[in-house]
Protein chains: 2
Amino acid sequence: MNRVFNFNAGPAMLPLEVLQQVQAELLDCQNSGESILEMSHRDPIYDKINTEAQKDIKDLLGVGDDWCVMFMGGGASLQFSMVPMNFLESGKIGVYAETSSFSDKAIKEAKKEGRVEVIFSSKNEKYNRVPKLSELVLPDNTAYLHITGNNTIEGTEYQEYPDTGDVPLIADLSSDILSRPIPMEKFSLIYAGAQKNIGPAGVVVIIARRDFVKNREKTLPSMMNYEIQMNKNSTYNTPPVFGVYIVGLVAKWLKAQGGLAAMKERNESKAALVYAALDAHPDFYKAYAEKASRSFMNVTFGLPTPDLEKLFVKEAAKQNMKGLKGHRSVGGIRASIYNAMPREGCETLAAFMEDFYIKHKDEPKTEI
Amino acid sequence: MNRVFNFNAGPAMLPLEVLQQVQAELLDCQNSGESILEMSHRDPIYDKINTEAQKDIKDLLGVGDDWCVMFMGGGASLQFSMVPMNFLESGKIGVYAETSSFSDKAIKEAKKEGRVEVIFSSKNEKYNRVPKLSELVLPDNTAYLHITGNNTIEGTEYQEYPDTGDVPLIADLSSDILSRPIPMEKFSLIYAGAQKNIGPAGVVVIIARRDFVKNREKTLPSMMNYEIQMNKNSTYNTPPVFGVYIVGLVAKWLKAQGGLAAMKERNESKAALVYAALDAHPDFYKAYAEKASRSFMNVTFGLPTPDLEKLFVKEAAKQNMKGLKGHRSVGGIRASIYNAMPREGCETLAAFMEDFYIKHKDEPKTEI
């Protein structure tokens, strides 16, 4: 099998070992005589999968029993609505930092549910940076501050999280969850679509303080009520069984890799390879994100001309690298290098970038 | 591999051929060099999977381009809220027929969103039947009539659907979707969690008239707005890619079996085997559902004593039959025999029932 380096922004690569295990046991899950795809969510085998996945994620994050882990469907986009529906009390303000078109979507959904204030936006800078912490000043009556931890389209990422004191901090960590240690003491709730760093599309992981989730409004749709999901241990209704199973396998794989500190080292070192190739030729490769905001998950840059960018993507594909085209809203190139992207993928990309530079550096650099 | 006959109410069995195909191509989807579990929902391969799955479902149901097929996460339980949020206009009445605790859940969620009237309930008869069509009288100002096509817990199923004229008919067909032809001309929207008849847990299939879905309120959460999902072809956000892929494979399998008319024949004949075993000894096996309401998907019955019921489940397990315990709310035995349950499973169960009867018919039949 010719396994490609898949640089797509998500869904994204999964660890080969995990895929091989899934394949090996696909017809018979733990000698049950049935596939995990057929298994009742009330089966003791699934109960163990669900419980262990929650525990392994809590272990990785270093949180205890005052936290809960929930698995839901609907993607991070449903969380954009669930967060304000659950936590934006009347008379209070949902406060947002706008660092990407995905934060903008979260803001738009929140505005349907209550009063919202955007205290930081880098929209006029084309979302090329996240805020300095000093730029995040909370108004009185803040219900919560919502941030987007990593911005896939633009390739920016918080290197430090704000300290909001008594005000709950909520984060969409869809694109950097479990890629490095997270200072959970700062957060009340984080959520993440699994399909970038920790699993397949179709399951969202929510990690929240139990106290924060308690006492939700009874008038909320049951499926959108975090308290019900917590109390029912993510089996209020039939959960996305297969997705939870894979998230559990990835969590075990992350533990086996040495946990989040080891992943941070590995991911930073992978990103450093690509950023070094980028910074070596600043007249040719134009980094999109401000240096202080650079993401370790998505490296974004432009080339001198759109034609060269097209050629870059095309030539890279010949060397087994796929998904390098930037998001349509910013163009250019984007290399997404999540947890499961092997170091070899980043090495191959960095070498290709140097080679491509040498071949094309003397071509006309401006378009007509 | 010792493959069990899984009689669970859902998630449930999938066709072995489908599972084998999933396994064979799990590491490399259509020579892409990546797993379907890693594939971008913007990849042309997924686009084709999504398009074909929609088309195959429409072909099976015999509907054309005035209908749309949508795939979402969140399960049927999220649809319980989405239906009234989308279609229960102020000043109108959401009308429900209550035939199970699942319809009751749908009713409870609808009441959070607007005015609701329950025009039929078999709750006092322990949900042992669905209504006669003459029992469904719509009040003025009905926004829609919502029915639950098949009731897994009690084993009842509509044999004929009401004709509601200009009033939209909406149905939760989670447990009998694509098990037989459906007179789609009567419906405006049907929805079904995939995990019983057509796929794994984690994906819901919605089939709706395009005209009905158009012009939804802009204030709805985007993820809960059917119009957005329709217009974005179920890729408004990252969909449950793997679930849609399997639903697509099952739809092709159903076509290869001869389509829904053939499935109806096969499913009726499977159910007939089990009902015959049941009816052969009415003093021993007590059918739960009224005869006219009997489900072809879930056969429910009691034995003379709870101890015999426990023994029945235990002995059946020794013969490779799993998941026969009835739902906790009604007790007894439940055999769920969806599309992918092989005829052999029903034969084995029927033979076991006869054998169990002979062995235990003379035991004391009343409890202390």
Side-chain angles (χ1 to χ4, degrees), chain A residues 1-4 6 8-14 16 19-20 22-23 26-28 32-35 37-43 72-78 80-81 85 105 108-109 112-113 193 195 200-203 219-224 236-243 246 320 322-323, chain B residues 1-4 6 8-14 16 19-20 22-23 26-28 32-35 37-43 72-78 80-81 85 105 108-109 112-113 193 195 200-203 219-224 236-243 246 320 322-323:
Chain A
M1 186 193 56
N2 178 29
R3 189 158 162 78
V4 299
N6 174 2
N8 270 303
M13 293 185 85
L14 286 165
L16 183 58
L19 290 173
Q20 285 167 333
V22 172
Q23 184 179 45
L26 194 84
L27 292 189
D28 188 4
S32 62
E34 51 183 304
S35 171
L37 290 165
E38 307 172 299
M39 188 170 282
S40 168
H41 56 300
R42 311 288 178 201
D43 193 295
M72 302 183 197
S77 297
L78 193 62
F80 295 166
S81 295
M85 286 168 82
K105 281 189 183 185
K108 284 196 174 116
E109 297 303 328
K112 295 175 183 171
E113 308 301 333
Q195 69 271 14
V203 56
T219 51
L220 287 170
S222 299
M223 284 295 292
M224 322 251 319
Y236 167 71
N237 76 329
T238 312
V241 168
F242 187 75
I246 297 191
N320 221 23
K322 183 173 174 174
Chain B
M1 185 192 57
N2 177 28
R3 189 158 162 79
V4 300
N6 175 2
N8 270 303
M13 293 185 85
L14 286 166
L16 183 58
L19 291 172
Q20 285 167 333
V22 172
Q23 184 179 46
L26 194 83
L27 293 189
D28 188 4
S32 62
E34 51 184 304
S35 171
L37 290 164
E38 306 172 298
M39 188 169 284
S40 169
H41 57 300
R42 311 290 178 201
D43 193 293
M72 301 184 198
S77 297
L78 192 63
F80 295 166
S81 295
M85 285 168 84
K105 282 188 183 186
K108 285 197 173 110
E109 297 302 329
K112 295 176 184 171
E113 309 302 332
Q195 69 271 14
V203 57
T219 51
L220 287 169
S222 299
M223 284 295 293
M224 323 251 317
Y236 167 71
N237 76 329
T238 312
V241 168
F242 187 74
I246 297 189
N320 221 22
K322 184 173 174 174

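Proteins come first, then strands; the chains are lettered A, B, ... in the order of their sequence lines, and each starts at number 1. Heavy-atom basis, side chains included; hydrogens, waters and symmetry copies ignored. Nothing here was measured: the structure is a model prediction, and the numbers come from that model.
Using a 4.5 Å cut-off between heavy atoms, B/E113 touches chain A through its side chain atoms alone. Heavy atoms of B/K108 lying under 4.5 Å from chain A are absent altogether. With a 4.5 Å cut-off on non-hydrogen atoms, B/Q195 touches chain A through its side chain but not through its backbone. There is no contact between A/M72 and chain B, counting heavy-atom distances below 4.5 Å. Of the two parts of B/P221, the backbone and the side chain both hold a non-hydrogen atom closer than 4.5 Å to a non-hydrogen atom of chain A. With a 4.5 Å cut-off on non-hydrogen atoms, B/S222 touches chain A through its backbone and its side chain both. Only the side chain of B/I246 comes within less than 4.5 Å of a heavy atom in chain A; its backbone stays farther off. For A/Q23, the parts lying under 4.5 angstrom from a heavy atom of chain B are both the backbone and the side chain. At a 4.5 Å heavy-atom cutoff, the contact between A/S77 and chain B is made by backbone and side-chain atoms alike.
Most heavy-atom pairs under 4.5 Å with chain B: of the set A/A201, A/A9, A/G75, A/P200, this distinction falls to A/A201. The choice from B/N320, B/V22, B/T238 that makes the most heavy-atom pairs within less than 4.5 Å of chain A is B/T238. Taking A/G193, A/S40, A/G10, A/S81 one by one and counting their heavy-atom pairs under 4.5 Å with chain B, the maximum is reached by A/S40. Note on B/L220, B/V241, B/L14: by heavy-atom pairs under 4.5 Å with chain A, the leading option is B/L14.
For A/V4 against B/S32, the heavy-atom pair with the smallest separation is CG1-O, 3.6 Å. Contact record, B/N6 with A/E38: ND2-O, 3.2 Å, taken as the closest heavy-atom pair. Nearest heavy atom pair, residue B/L78 against residue A/M224, reads CD1-SD, 3.8 Å. In plain terms, the two heavy atoms of B/G74 and A/N237 that are nearest each other are O-ND2, 3.2 Å. Across all non-hydrogen atoms, the minimal contact from A/P11 to B/H41 is CD-ND1, 3.5 Å.
Note that CG of A/D28 is 8.0 Å distant from CG of B/N2, once rounded to the nearest 0.5 Å. Separation of atoms CG (A/L37) and CE (B/M13) is listed at 13.0 Å; rounding is to 0.5 Å. Rounding to the nearest 0.5 Å places CZ of B/R3 at 7.0 Å from CG of A/L27.
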Verdict with reasoning, A/V203 to B/F242, per side-chain contact (heavy atoms from CB on, under 4.5 Å): CA-CA 11 Å; A/V203 56; B/F242 187 74; over 6 Å; no

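Residues forming a side chain to side chain donor-acceptor pair (under 3.5 Å) with A/S35 (at least two apart in sequence, or on another chain): none. Residues passing the salt bridge (charged side-chain N to carboxylate O under 4.0 Å, His left out) test with B/K322, sequence neighbours excluded: A/E34, A/D43.
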